[in-house]
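Structure first, then comments.
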Amino acid sequence: MNIFRLAGDMTHLVSVLVLLLKIHTIKSCAGISLKTQELYALVFTTRYLDLFTDYISLYNTVMKLIFLGSSFSIVWYIRRHKIVRRSYDKDQDTFRHYFIVLPCLVLALLIHHKFTFKEVMWTFSLYLEAVAILPQLVLLQRTRNIDNLTGQYVFLLGAYRALYILNWIYRHYTEPHYVHWITWIAGIVQTLLYADFFYYYFQSWKNNVKLQLPA
Amino acid sequence: NLEQPMHDEL
């Protein structure tokens, strides 16, 4: 475990906690894409199938359980909580799941490391995670007023991806033969999706104005 | 191991 990996995991953890806290305390999910949250729940479910078969470390197991639990709680809040669900803007959050899920599934069936159920599901989760933020980014663009917590949530998610790339570069130089191109490509695509958002986030921070994405 | 994907990551 290197410092970039730990920082990445912690950023990821904080992003999820920020979102849960926002929903739990202000009882609102305004500006949050249910589609993206459901895709993340699917990402974690398909990636962490190894919870049942392999043990890596206590840290690894606990973090996996936290990500699974938090992603399903967020989906539950938006769909079922009687106050929170009223703030969900269904008409703006129109991205269709299958536009994202199907291509990722096909790609995972075609391009994978090993043709086993677990390995294909793991590869699918990587492809899916790379694009799962799209419904959220579309929603941010449509929402004229992005509240601070939503902006921070997306910023932290992007930061987590960027830190993971630093982690891979570090591991590439320190661990012999540490390379897996599927992870690299999916990870780089995912990070690039945040580039535009980062640009406007830093602009709004620098100029001390409210974050707004151009239509 | 060149063939081993990064399964120790989250």
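On a predicted model such as this, the values are computed, not experimentally measured, just so you know. By convention in this document, chain letters (A, B, ...) are assigned in the order of the sequence lines, proteins followed by strands, and residues within each chain are numbered from 1.
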Identify which part of A:D9 has an atom lying under 4.5 Å from any heavy atom of chain B, answering side chain, backbone, both or neither. side chain
Are more than 12 heavy atoms from other residues, nucleotides or ligands located less than 6.0 Å from atom NE2 of A:H24? no
Does A:I3, at its CD1 atom, have more than 12 non-hydrogen atoms belonging to other residues, nucleotides or ligands within less than 6.0 Å? no
Measure the CG-NE2 distance between A:D50 and B:H7 for me, rounded to the nearest 0.5 Å. 7.0 Å
Residues, nucleotides or ligands: over 12 heavy atoms within 6.0 Å of A:W76 CH2: yes
Do other residues, nucleotides or ligands put more than 12 heavy atoms under 6.0 Å from the OH atom of A:Y55? yes
So, A:Y164 side chain and B:E9 main chain: donor-acceptor pair closer than 3.5 Å or not? no
Is the CZ atom of A:F99 crowded by more than 12 outside heavy atoms at less than 6.0 Å? no
Using non-hydrogen atoms and a 4.5 Å limit, figure out which bit of A:F44 sits close to chain B: side chain, backbone, both or neither. neither
Could you give the distance from CG (B:D8) to CZ (A:R5), rounded to the nearest 0.5 Å? 6.0 Å
In terms of heavy-atom contacts, B:L10 and A:F67 come closest through CD1-CE1, 4.1 Å
